[in-house]
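Here the structure is laid out as structure tokens; the discussion comes afterwards.
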Amino acid sequence: MEQPSQERSKALYERAREVIPGGVNSPVRAFRAVGGDPLFFARGEGPYLWDVDGVRYIDLVGSWGPLILGHRPPAVEKALMEAIKIGTSFGAPTEPEVLLAEMILEAFPDMEMVRMVNSGTEATMTALRLARAFTGRERVVKFEGCYHGHSDPLLIKAGSGALTLGVPTSPGVPFGLLNSTIVAQYNNLSGLEEIFSSVGSEIAAVIVEPVAANMGLVLPAPGFLEGLREITKKHGALLIFDEVITGFRIEYGGAQTRYRISPDLTCLGKIIGGGLPVGAFGGRREVMEMLAPSGPVYQAGTLSGNPLAMAAGIAMLKELKPENVYLDLASKSEYLIGGMKQAASDAGVGDMVCFAGVESLLGMFFTPGPVTDYAAATKSNIEAYARFFREMLRQGVYMAPAQFEAFFVNLALTRENLDSIIKASQSAFKEAGIVLHGG
Ligand code: HOZ
């Protein structure tokens, strides 16, 4: 199968490897899991990305989720242009921070206060510190295959790039933390109950992706999130929802609104900055008021509440507010997943592939499934995914360059784009079938 020219990407990759470890600033981008060299992108517009060799791709990654409106949505671009005229960073309070905080609290009715940071990693890292301080306990529970950024206590049995590269527990994480982070199985409430019945009084918090989207896409089983709420409440531990991917994505108020669960703390990320570097965490007032300067728990940052990120976030959330936005996203997603299922079945691999989706957050495994946890997710045939990915790319569709990620539908995708993706998947599933059928 002939690939479009990647001459300039290759040259840039060569240069990059001299000056950036692995040639990339975030590991999954290196294409190690799918083979070939990474693409370097020149620009994006609406549903498309163009690489530096001028090849156009329909984008199903959307900067790993935040680009719900597609690339360069006019409202966000206009807000950024206005903001840039005023100044790019003050390291001091500004009005847009207050407005974005109000908008977030309106979207998440159980959140009473919110603090802006610069990334999802910072949000989850600080949420844990806060939970420890609030409860006076040290240990935290996370679920195998969930990814909450790359702070030490959370880089244990982690998903996403860590799983893709085969280092779910990274070297460099202090040995002592292996004891303070307890790893449980996603969707297994009895396992969690056992943990709590033996060391419940030491557990400060349970942190979870309410829809796990970093080991591929794994949905919460009915009752799982309710069970987490019940168990944590019973034992006086906090429940932290990492909604970096699901917040404002699966609906305006995130997974907690959809599944009607009220966590104690919520972490948000890039979506609330329309793709600019930003994160936030928020929750109950009595917990949040422990943060400095109201309380003693320290967290700070010159770029926290950065005016450009705030302006982009406010514009983005305004665009997401009308109700039909999520209906439109859902109908595009349904159409896409229906077409891809049909394509898999036409290619003779329908019973060897399983799909999952919540609104515009989609996933696919090359295993019959069901995939309910990390062990099942890692049964996916990653060579089949790699072949599928390469054929999609050859046909101009850019998907996540790793099996253990989700894919994301955006509002800029037209029916014609969706049909092109489905058409490309017909031959991509055939390619994957060569591996799946042992050819
Ligand atoms: N680990 C991120 C996705 N879950 C990838 C981030 C990136 O490469 O930009």
Side-chain angles (χ1 to χ4, degrees), residues 9 12-13 16-17 20-34 36-41 44 49 51 57 59-68 71 118-125 142-151 154-170 186 207-218 242-247 249-250 255 267-271 273-279 309 356 358 360-365 374 377-378 380 382 385 389 393 398-410:
S9 275
L12 274 173
Y13 186 41
R17 270 184 303 180
I20 301 171
V24 289
N25 281 311
S26 189
V28 177
R29 300 177 194 178
F31 278 32
R32 295 257 170 104
V34 288
D37 291 339
L39 293 180
F40 281 65
F41 288 105
L49 275 171
D51 70 14
Y57 301 88
D59 183 15
L60 283 180
V61 177
S63 190
W64 304 97
L67 304 187
I68 299 174
H71 292 271
N118 295 299
S119 68
T121 292
E122 270 187 57
T124 54
M125 175 182 84
K142 78 172 285 287
F143 294 93
E144 190 172 25
C146 282
Y147 180 73
H148 306 287
H150 58 90
S151 70
L154 292 168
L155 211 47
I156 294 171
K157 298 275 175 78
S160 190
L163 173 57
T164 298
L165 293 188
V167 285
T169 302
S170 172
Y186 194 77
I207 185 166
V208 67
E209 291 180 74
V211 177
N214 283 288
M215 48 174 150
L217 189 72
V218 180
D242 177 345
E243 295 229 40
V244 167
I245 289 185
T246 50
R249 158 70 59 184
I250 65 173
C267 301
L268 298 167
K270 44 211 163 203
I271 294 181
L276 267 76
V278 71
V358 195
S360 59
L361 177 59
L362 306 177
M364 176 181 65
F365 292 102
Y374 172 90
T378 51
S380 185
I382 51 176
Y385 182 83
F389 168 88
L393 195 68
Y398 183 64
M399 301 193 67
Q403 162 70 86
F404 301 115
E405 303 287 351
F407 55 104
F408 303 89
V409 170
N410 66 69

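The basis for the numbers below is simple: all heavy atoms, side chains too, and nothing from hydrogens, waters or symmetry mates. Numbers here simply count residues along the sequence, with the first being 1. Atoms within a ligand are numbered from 1 in the order they appear, just like the ligands themselves.
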### Query
At a 4.0 angstrom heavy-atom cut-off, what protein residues surround ligand 1?
Ser26, Arg29, Trp64, Ser160, Asn214, Glu405

### Task
Pick out which of Leu362, Ile245, Leu67, Leu60 makes a side-chain contact (heavy atoms from CB on, under 4.5 Å) with Phe408.
Ile245

### Message
For Thr246, give me all partners under side chain to side chain donor-acceptor pair (under 3.5 Å), at least two apart in sequence or on another chain.
### Response
Glu243

### Query
Tell me, do Ile382 and Phe404 make a side-chain contact under 4.5 Å, heavy atoms counted?
yes

### Set of side chain to side chain donor-acceptor pair (under 3.5 Å) partners for Tyr398, sequence neighbours left out
none

## Note on the structure
Hits for side chain to side chain donor-acceptor pair (under 3.5 Å) against Asp59, two or more places apart or cross-chain, chain-then-number order -> His71

### Message
Using only atom types and a distance under 3.5 Å, with no angle test, would you say the side chain of Arg249 pairs donor to acceptor with the backbone of Gly65?
### Response
yes

